[in-house]
Enquirer: 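Pasting in a structure now, in structure tokens, and then I'll have a few things to ask.
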Amino acid sequence: MKQVLNSLVLAAAVVATSFNVSAAGELDKLLEQVKKDRISEGQLNKKREKEFLAAKADKQALLNKAQKELKDEKARGDRLQKQYAQNEITLATKATELKNAQGTLGEMFGVVRRAASNTIGSITASNISGQPGYGDRSALLAELAEAKKLPTTKELEDLWIALQTEMTESAKVAVFDAEVAQLSGGSVTKTITRVGSFNLVAPDEYLIYNSNVQRIQPLGKAADSHYVSSANALQNAKAGEIVPFYVDPSRGGILRLNTQRATLEDRYHQGGTPGYVITAVLFLGFFIAAISLFITLTEGSKMKAQLKDTNNPSEGNALGRILKIYQENKGSDVENLELKLDEAILRETPRIERGINTIKILAAVAPLLGLLGTVIGMIETFQQITLFGTGDPKLMAGSISMALVTTAMGIIAALPLIFVHSIVAARAKSIVHVLDEQSAGIIAAHAEKEKA
């Protein structure tokens, strides 16, 4: 047992001795590493310090340079300010010298600029500028209107010639060939007649000169036929011949507005569906009236022929049929004969008065349809106001036109129907009156025979 303990103590001593030896070696290595790191850190710090000092020197150099530039700029600013003041004095002196040198020519300079400025607009938009050879006058006027110096003698002469040319050509009727832009695109060469500075006309049309694109072009819509006829008469006129011509003093502006007005056909279609129904009612009334008028006229002519020969009654007319009933009932008493004749007249009356009441109804319905169209148009107007407001009146123009046009169409349809109804009713009444008159005469004659 004692030997075992001694062995354990010996082993522990050996282990402790080995641990102390290894730990001491590690500490030496750590110490050496710290010394090396200290040396490296010192070298790095010296390097950083050197870089910092170098950067400090550079910043100082930049600062010195900036301060020098600032000083130079201040000196330059003072120099320029003195130069500016000196230039102002020089300009004032030169302006005074120029004014003294111009004398009364300065007033002429102002007159020339004002004349050029006032004339350039009218000459640029003039129809004369659309004629070949006269389109470059506006360039000279633009130069004179913007000139800063006195005009030369040649420029004054050119201005004079430009103004004189405008006045002279305004009194002429000239014929020339030029390119005319088409509304469908492209252009075509036409023979154009220029009436002073007012109008340009070609065969079957009026033209206008568009100064924005410097081209001649037709109106947006063809002019009325009587205007076109006068244009054709002017183009076909011989030298020295005087022909009437419609002149538009606004160079086509009024004529263009006139062509943009709604025609009767446009107004008619603005009535919409109510307007078409009113038209159908009108034509239906005319058709019925024509049939009724034909029947009454035919019957009237046959009755006139029958009145000339009452002894031979014919079945082809109302009077003949009544006379035939009388001949068939000559032996009857007055009361029975009167009843039979009244029955015959009542039987003839519906055929004679056929369609007259229908015309009267249609004449009363037409204004009501116009009122219906008015109500529909106002409903659409208020719907558009609800959706889009009242900012753009054009949005409501169509509905308002419908409301007004249908009212007018209803009245226009009712008036002729009323007159036609009166005519047809009068004709039918006259025929029935003849039948009543003949019937009364027959009864009176039969009564006298009966008494005798």
Side-chain angles (χ1 to χ4, degrees), residues 220-227 254-300 349-433:
K221 186 178 179 182
D224 294 339
S225 58
H226 54 283
Y227 297 136
I254 297 176
L255 190 60
R256 171 179 280 185
L257 292 176
N258 187 52
T259 57
Q260 291 177 354
R261 293 188 307 172
T263 61
L264 289 177
E265 182 179 359
D266 297 334
R267 295 294 187 191
Y268 169 74
H269 290 296
Q270 287 175 354
T273 302
Y276 301 147
V277 175
I278 293 173
T279 304
V281 169
L282 176 62
F283 282 107
L284 179 61
F286 280 154
F287 179 72
I288 296 174
I291 295 176
S292 300
L293 191 61
F294 175 77
I295 292 173
T296 53
L297 290 175
T298 304
E299 193 68 28
T349 300
R351 189 180 65 85
I352 296 172
E353 296 181 349
R354 181 184 302 169
I356 295 178
N357 289 331
T358 304
I359 300 173
K360 186 176 181 180
I361 293 173
L362 293 177
V365 168
L368 296 178
L369 290 174
L371 180 60
L372 176 62
T374 302
V375 174
I376 294 175
M378 296 309 298
I379 291 174
E380 292 183 359
T381 301
F382 287 117
Q383 288 178 345
Q384 291 168 351
I385 292 174
T386 303
L387 294 175
F388 307 106
T390 58
D392 189 1
K394 292 182 180 180
L395 295 174
M396 300 177 288
S399 301
I400 296 175
S401 297
M402 177 181 177
L404 299 178
V405 168
T406 51
T407 303
M409 292 179 68
I411 298 174
I412 292 172
L415 291 176
L417 289 178
I418 291 174
F419 285 117
V420 170
H421 171 266
S422 301
I423 294 172
V424 176
R427 293 291 306 172
K429 187 175 181 181
S430 65
I431 292 174
V432 175
H433 178 73

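Worth knowing before you read on, the calculation uses all heavy atoms, side chains too, and leaves out hydrogens, waters and symmetry mates.
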Enquirer: Which heavy atom of A363 sits nearest to which heavy atom of A414, and what is that distance?
Expert: O-CB, 3.4 Å
Enquirer: Which heavy atom in P274 sits nearest to a heavy atom in G271, and how many Å separate them?
Expert: CD-O, 3.5 Å
Enquirer: Please find the pair of heavy atoms, one from A403 and one from M378, that lie closest to each other, and give the distance.
Expert: CB-SD, 4.1 Å
Enquirer: Give a yes or no on whether F287 atom CZ has more than 12 heavy-atom contacts from other residues, nucleotides or ligands under 6.0 Å away.
Expert: no
Enquirer: With rounding to the nearest 0.5 Å, note down the distance linking CD1 in I423 to OG in S292.
Expert: 12.5 Å
Enquirer: By the definition side-chain contact (heavy atoms from CB on, under 4.5 Å), identify the one residue from T374, L372, V375, I411 that meets it with T406.
Expert: T374
Enquirer: Kindly say whether A428 contributes a backbone atom to a donor-acceptor pair with the side chain of T296 at under 3.5 angstrom?
Expert: no
Enquirer: Show the nearest heavy-atom pair for residues A289 and V420, with the distance to one decimal.
Expert: CB-CG1, 2.9 Å
Enquirer: Rounded to the nearest 0.5 Å, how far does CZ of F286 lie from CG of L417?
Expert: 5.5 Å
Enquirer: Show the numbers, then the answer: is there a side-chain contact (heavy atoms from CB on, under 4.5 Å) between T273 and I376?
Expert: CA-CA 10 Å; T273 302; I376 294 175; over 6 Å; no
Enquirer: For I278 versus M409, what's the shortest heavy-atom pair and its separation?
Expert: CG2-O, 3.5 Å
Enquirer: What is the distance from atom OG1 of T358 to atom CD1 of I288, rounded to the nearest 0.5 Å?
Expert: 5.0 Å
Enquirer: Are more than 12 heavy atoms, taken from residues, nucleotides or ligands other than Y268, located less than 6.0 Å from that residue's OH atom?
Expert: yes
Enquirer: Nearest 0.5 angstrom please: I352 CD1 to R427 CZ, how far?
Expert: 11.0 Å
Enquirer: Might you point out which heavy atoms bring I295 and R351 nearest each other, and give the distance in Å?
Expert: CG2-O, 4.1 Å
